[in-house]
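What follows is one structure encoded as structure tokens, with my remarks underneath.
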There are 2 protein chains.
Amino acid sequence: MSPLSSYTAASLKAELNARGWRMTPQREKILHVFQNLPKGNHLSAEELHNLLERRGESISLSTIYRSVKLMARMGILRELELAEGHKHYEVNQPYPHHHHHLVCIQCNKTLEFNNDSILKHSLKQCEKEGFQLIDCQLTVMAICPEALRMGWPSGLPSNWSCSRSISQSEPLEQEEE
Amino acid sequence: MSPLSSYTAASLKAELNARGWRMTPQREKILHVFQNLPKGNHLSAEELHNLLERRGESISLSTIYRSVKLMARMGILRELELAEGHKHYEVNQPYPHHHHHLVCIQCNKTLEFNNDSILKHSLKQCEKEGFQLIDCQLTVMAICPEALRMGWPSGLPSNWSCSRSISQSEPLEQEEE
DNA sequence: GTAGTTTTTGCGATTAATTATCAATTAACT
DNA sequence: AGTTAATTGATAATTAATCGCAAAAACTAC
Ligand SMILES: [Mn+2]
Ligand SMILES: [Mn+2]
Ligand SMILES: [Zn+2]
Ligand SMILES: [Zn+2]
């Protein structure tokens, strides 16, 4: 099984067993949900729990938490810290399907984008320091067009109002000494 | 006050008052701690609280939480999601002092590194989507040399063991169709 | 500087996400 | 089929962070 291909129920079982762990219907269902999740979607433990509940394939919340954590540690899922106070998960698609996230800190709208050079820079830094790269996540915190149209930052109810954010017209070419 | 310079107690007060908010000894003390924090250090709310406690300048934990959140929203501090289950803060040094983080997911050792092109890529993506950039954080999750020497992943007690992490010898040049 | 107004603080209580405990169940191996 | 150890589900516990409120303090205008 190539590290660039997707997990199947069979390959998940194989990897679990190789570590002395077990395949279960719960783990298979969870894998299935993530494999069929439309591109650009992310699920929190709670959301995954509700989704399965609605489908009549209920799994206890404890098991949900345990499973996504395990699958993240195995490299099957990616654990994301977006801007909502809880973790989100998605299938971990290694290079070249690796992507990053643009998040509106006002409304939590999240867009994905591909950029291979970020992985390249991360690898370079790892090599320089003798680390072994596992994953890299660029999170771009920004304000979406909708929030801008609504008058961000002044026209907003006790929310973000950054007055010294990095200017979009800042010079960006030269290296600092 | 240039957006590229550091905040002083006076400029903090000016910015607070401009928004109808108030300067307090608590906020001044917290600013002072971050301004004198050695490069590469980050503080959680709890750690900041303890640090001030030890110096005999005790501030209630509620106020600590409120203050760092406020100063992050003002753009004075940067709110970091590293690998420890709680937020860390550092002074927000805009370009060209902007930096990113290489984190060992095994021991939480954190190294900083500069890389202007990441900010450039983030800006490009923001412009493409019509967003206004506030901050961007590349978090590189990896295994440090120490953990590797200890035999990661097999020689580790019920911890991370990614078998399909992005290989360091993967081809990285071509674009996907 | 004093008074008035509004924000801020400190305390305790509260929420929300996640983890721990443990008996009952079940997957894997022989 | 029987043995063994991992896993589940239910519940309790933990932890980071927020909330409500009365007292204290900062700004503003006299
Ligand atoms: Mn994604
Ligand atoms: Mn830093
Ligand atoms: Zn938005
Ligand atoms: Zn380490």
Side-chain angles (χ1 to χ4, degrees), chain A residues 9-10 12-31 42-50 52-53 56-74 77 79-89 108 157-161, chain B residues 9-10 12-31 42-50 52-53 56-74 77 79-89 108 157-161:
Chain A
L12 172 58
K13 172 165 163 46
E15 280 229 20
L16 285 168
N17 291 349
R19 299 163 193 246
W21 299 335
R22 297 176 183 176
M23 185 56 151
T24 65
Q26 290 86 347
R27 288 170 182 177
E28 184 169 349
K29 281 177 198 165
I30 291 170
L31 175 65
H42 310 106
L43 291 177
S44 68
E46 206 79 39
E47 289 164 343
L48 175 55
H49 184 243
N50 293 340
L52 285 163
E53 199 96 281
E57 303 197 303
S58 180
I59 296 176
S60 83
L61 193 51
S62 297
T63 298
I64 298 279
Y65 272 107
R66 278 184 298 230
S67 300
V68 292
K69 182 69 74 184
L70 174 76
M71 291 166 81
R73 286 186 174 159
M74 291 178 72
L77 299 182
E79 194 173 60
L80 302 173
E81 293 281 1
L82 301 176
E84 295 173 60
H86 52 251
K87 296 189 175 72
H88 282 83
Y89 296 85
N108 291 330
S158 73
N159 242 312
W160 190 286
S161 56
Chain B
L12 173 58
K13 173 165 165 41
E15 280 230 18
L16 285 168
N17 290 350
R19 297 163 193 248
W21 300 335
R22 296 174 184 178
M23 183 58 150
T24 66
Q26 289 88 346
R27 289 170 181 178
E28 184 168 349
K29 281 176 195 165
I30 290 171
L31 175 66
H42 311 107
L43 292 177
S44 68
E46 206 79 39
E47 289 164 345
L48 175 56
H49 185 243
N50 294 340
L52 286 163
E53 200 96 279
E57 304 197 304
S58 180
I59 297 176
S60 84
L61 192 53
S62 294
T63 298
I64 299 277
Y65 272 108
R66 280 183 296 229
S67 300
V68 292
K69 182 68 75 184
L70 174 75
M71 291 166 82
R73 286 184 175 161
M74 291 178 70
L77 299 181
E79 195 173 59
L80 302 173
E81 293 281 2
L82 301 175
E84 294 172 62
H86 52 253
K87 295 188 176 73
H88 282 82
Y89 295 86
N108 290 330
S158 73
N159 240 311
W160 190 285
S161 57

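No hydrogens, no waters, no symmetry mates; every other heavy atom, side chains included, goes into these values. Numbered from 1 within each chain, the chains take letters A, B, ... in sequence-line order.
- Going from atom CD1 of B:Ile30 over to atom P of C:dG10 covers 9 Å, rounded to whole Å.
- A:His86 places none of its side-chain heavy atoms less than 4.5 Å from the side chain of A:Glu81.
- For B:Leu12 and C:dT8, the CG to C1' distance is 14 Å, given to the nearest whole Å.
- Using modelled atom types, no side-chain atom of B:Thr63 and backbone atom of B:Ile59 make a donor-acceptor pair closer than 3.5 Å.
- Test B:Met71, B:Arg27, B:Arg22 against B:Leu16 for side chain to side chain contact (heavy atoms under 4.5 Å, CB included) and you get one pass: B:Arg27.
- Rounded to whole angstrom, the span from the CD atom of A:Glu28 across to the C1' atom of C:dT26 amounts to 15 Å.
- In summary, of the residues considered (B:Gln26, B:His49, B:Lys29, B:Glu53), a side-chain hydrogen bond (donor to acceptor under 3.5 Å, both in side chains) with B:Ser58 occurs for B:Glu53 alone.
- A side-chain hydrogen bond (donor to acceptor under 3.5 Å, both in side chains) with A:Glu79 is found for exactly one of A:His88, A:Lys87, A:Lys69, namely A:Lys69.
- End-to-end axis angle of the helix from C:dG1-D:dC30 to C:dT30-D:dA1, from C1' rotation axes over five pairs per end: 50° (rounded to 10 degrees).
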Next on the checklist: What does the B/S/- profile of nucleotides 4-17 of chain D look like, 5' to 3', with a 4.0 Å heavy-atom cutoff to protein?
Outcome noted: BBBSBBBB----SB
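- As rounded to whole Å, 18 Å separates atom P of C:dA20 from atom CD1 of A:Ile64.
- Distance CG/B:Leu77 to OH/B:Tyr89: 8.0 Å, rounded to 0.5 Å.
- Protein atom CE of B:Met71 is 15 Å distant from nucleotide atom C1' of C:dT8, rounded to whole Å.
- Side-chain N/O atoms of A:Lys13 include one lying less than 4.0 angstrom from OP1 or OP2 on C:dA28.
- Considering only heavy atoms from C-beta on, A:Leu82 stays 4.5 Å or farther from A:Asn108 through its side chain.
- The backbone N or O of B:Pro25 lies less than 3.5 Å from no partner atom in the side chain of B:Glu28, so there is not a single donor-acceptor pair.
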